[in-house]
Amino acid sequence: MPTLPAAQRRTLLDLADADRQLRTARHRKETLPEQQRLDELVARHRELGRRHGELAEEQKRLAAEVQGAETDVAALSSRIAGDTSRLNSGEGLTSRDLITLQEEIDGLKARLESAEEAELDLLDRKERLDAEIAELKAEAEEVARDGKAAAAARGQALEAVEKEIAELTELRTRLAAQIPAPVLRAYQQVVDAGGVGAAQQEGSGCPGCGRLLSEVDLRTLAALPEDQVFECEDCGCLIVPAG
């Protein structure tokens with residue numbers, strides 16, 4: 001059995017408690033809700049940026065198509081106006097020429113109607129795209145604002161938990177310095193392996209691994225000298241007798 005003065009049993013349990021709190025604090029540092037929220041906002045802002053880039057490219061293509069449609073409409077309108085003026089004047093035109101010119105004007109008007117419909121369709125698409133881009137921009141700005149607030153909250157939470165870790169680390173150092181080297185080595189081996197280094201007896205099970213202690217173990221614990229602690233055969237936890 002590891003030898004430990006009775007006065008240091010409490011110190012050993014305090015050390016184990018400090019290590020437990022340290023594990024909890026370090027886990028909390030790695031899983032801060034504020035960090036998770038910030039990560040979500042960063043990912044959302046990145047996705048909005050990617051989508052904005054796609055829509056901006058589509059906006060450029062659509063703008064070129066609108067310009068082309070406007071050019072077609074203007075050209076057709078100009079030709080119709082010129083041919084109509086010639087038709088109305090009739091100067092130098094035969095009856096056959098007048099009929100041909102009228103047919104050409106009618107064809108141009110049909111083409112103009114189709115061109116205008118295409119232009120209106122493009123303008124409608126452009127309007128909807130512009131609205132989508134505006135909504136996207138507004139959301140990105142909102143996400144950016146939320147991101148700044150989340151970053152500030154993360155910073156405060158991180159500072160608090162790091163302060164707690166520093167204080168617990170200092171406490172642990174002071175407590176460990178009071179434990180005899182052989183006991184501390186036995187304790188640390190268990191902790192390094194991910195186990196409970198020390199704990200006070202509770203019931204008939206090992207407080208470290210939960211193994212049901214035998215009648216012999218329980219009698220040994222009950223009769224344990226004040227300068228010793230019981231070591232679990234399975235997990236190595238140093239068990240301090242109750243009471």
Side-chain angles (χ1 to χ4, degrees), residues 23-91 93 97-166:
R23 287 193 298 271
T24 299
R26 286 166 178 159
H27 176 72
R28 190 164 68 251
K29 178 182 177 180
E30 296 301 320
T31 58
L32 284 175
E34 294 83 357
Q35 181 65 60
Q36 294 175 10
R37 174 58 176 163
L38 179 58
D39 291 342
E40 291 171 359
L41 290 169
V42 169
R44 180 55 181 164
H45 196 270
R46 187 180 297 115
E47 172 60 23
L48 289 171
R50 183 193 64 78
R51 180 59 179 157
H52 183 273
E54 294 176 350
L55 294 182
E57 288 299 317
E58 184 177 349
Q59 191 179 43
K60 289 180 182 179
R61 292 193 297 271
L62 193 55
E65 291 183 38
V66 168
Q67 185 176 9
E70 291 174 342
T71 299
D72 291 343
V73 168
L76 288 169
S77 297
S78 178
R79 287 184 60 186
I80 291 171
D83 288 351
T84 300
S85 178
R86 287 180 59 205
L87 180 66
N88 291 336
S89 70
E91 185 177 350
L93 299 175
D97 291 337
L98 292 173
I99 293 173
T100 300
L101 188 56
Q102 183 60 61
E103 290 175 346
E104 181 179 341
I105 291 173
D106 292 341
L108 289 172
K109 285 182 177 180
R111 289 172 57 189
L112 177 61
E113 184 177 354
S114 296
E116 288 175 336
E117 289 178 357
E119 180 185 18
L120 288 175
D121 179 65
L122 289 170
L123 289 172
D124 180 62
R125 286 168 54 193
K126 182 178 181 300
E127 183 178 353
R128 285 186 279 112
L129 181 60
D130 290 345
E132 185 177 357
I133 289 176
E135 291 178 2
L136 200 68
K137 182 179 179 182
E139 183 180 356
E141 291 174 349
E142 182 180 359
V143 169
R145 288 193 298 271
D146 290 346
K148 289 181 180 179
R154 187 278 309 271
Q156 293 175 352
L158 187 60
E159 181 179 359
V161 74
E162 286 181 340
K163 179 181 179 182
E164 180 182 356
I165 289 172

K.L.:
Using the test side chain to side chain contact (heavy atoms under 4.5 Å, CB included), find all partners of Thr31 that sit at least two apart in sequence or belong to another chain.
P.N.:
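With neighbours one apart ignored, the set is His27, Gln36.
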K.L.:
Which heavy atom of Ala157 sits nearest to which heavy atom of Leu32, and what is that distance?
P.N.:
CB-CD2, 4.2 Å
K.L.:
Please name all residues satisfying side-chain hydrogen bond (donor to acceptor under 3.5 Å, both in side chains) with Arg44, sequence neighbours left out, ordered by chain then number.
P.N.:
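Expected list: Glu139.
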K.L.:
Among all residues two or more places apart in sequence or in another chain, which pass the salt bridge (Lys or Arg N to Asp or Glu O under 4.0 Å) test with Arg28?
P.N.:
Glu164
K.L.:
With sequence neighbours left out, write down each residue that passes salt bridge (Lys or Arg N to Asp or Glu O under 4.0 Å) with Glu162, or none if nothing qualifies.
P.N.:
Lys29
K.L.:
What pairs of residues pass the side-chain hydrogen bond (donor to acceptor under 3.5 Å, both in side chains) test when at least one of them lies in residues 144-158, not counting sequence neighbours?
P.N.:
Gln35-Arg154
K.L.:
How would you list, by chain and number, every residue that makes a side-chain hydrogen bond (donor to acceptor under 3.5 Å, both in side chains) with Gln59, sequence neighbours excluded?
P.N.:
Asp130
K.L.:
Could you pull out all residues at least two apart from Glu117 that satisfy side-chain hydrogen bond (donor to acceptor under 3.5 Å, both in side chains)?
P.N.:
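If we apply the side-chain hydrogen bond (donor to acceptor under 3.5 Å, both in side chains) test to Glu117, skipping adjacent residues, there are no hits.
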K.L.:
Using the test side chain to side chain contact (heavy atoms under 4.5 Å, CB included), find all partners of Glu58 that sit at least two apart in sequence or belong to another chain.
P.N.:
Leu55, Arg61, Leu129
K.L.:
State which residues pass side chain to side chain contact (heavy atoms under 4.5 Å, CB included) with Ser77; sequence neighbours excluded, sorted by chain then number.
P.N.:
Val73, Leu112
K.L.:
For Glu57, which residues count as a salt bridge (Lys or Arg N to Asp or Glu O under 4.0 Å) partner, sequence neighbours excluded?
P.N.:
Lys60
K.L.:
Does Arg79 have any side-chain hydrogen bond (donor to acceptor under 3.5 Å, both in side chains) partners at least two apart in sequence or in another chain, and if so, which?
P.N.:
Glu104
K.L.:
Determine the minimum heavy-atom distance between Ala25 and Val161, stating which atoms define it.
P.N.:
O-CG2, 3.4 Å
K.L.:
Atom CZ of Arg128 and atom CG of Leu123: how far apart are they, to the nearest 0.5 Å?
P.N.:
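If we round to the nearest 0.5 Å, Arg128:CZ and Leu123:CG are 11.5 Å apart.
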K.L.:
In Å, rounded to the nearest 0.5 Å, how long is the span from CD1 of Ile105 to OG1 of Thr100?
P.N.:
11.0 Å
K.L.:
What residues form a side chain to side chain contact (heavy atoms under 4.5 Å, CB included) with Glu70, not counting sequence neighbours?
P.N.:
Val66, Glu119
K.L.:
Which heavy atom of Leu76 sits nearest a heavy atom of Ala115, and at what distance?
P.N.:
CD1-CB, 3.9 Å
K.L.:
Could you give the distance from CG (Leu101) to CG (Leu108), rounded to the nearest 0.5 Å?
P.N.:
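Output value for this atom pair is 9.0 Å.
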K.L.:
Do NZ/NE/NH1/NH2 and the carboxylate oxygens of Glu54 and Arg50 come within less than 4.0 Å?
P.N.:
yes
K.L.:
At their closest point, which heavy atom of Gly147 faces which heavy atom of Leu38, and how far apart are they?
P.N.:
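Heavy atoms only, the tightest pair is O-CD1, 3.6 Å.
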K.L.:
Flag the pair Leu122 / Lys126 as yes when at least one side-chain heavy-atom distance between them is below 4.5 Å, and no otherwise.
P.N.:
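Answer no - side chains too far apart.
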K.L.:
In the structure I gave you, are the side-chain heavy atoms of Arg37 and Glu34 within less than 4.5 Å of one another anywhere?
P.N.:
no
K.L.:
Quick one: does Ser78's side chain have a donor or acceptor within less than 3.5 Å of a partner on Ala74's backbone?
P.N.:
no
K.L.:
For the CD1 atom of Ile133 and the NZ atom of Lys137, what is their distance to the nearest 0.5 Å?
P.N.:
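Between Ile133 CD1 and Lys137 NZ, I get 10.5 Å after rounding to 0.5 Å.
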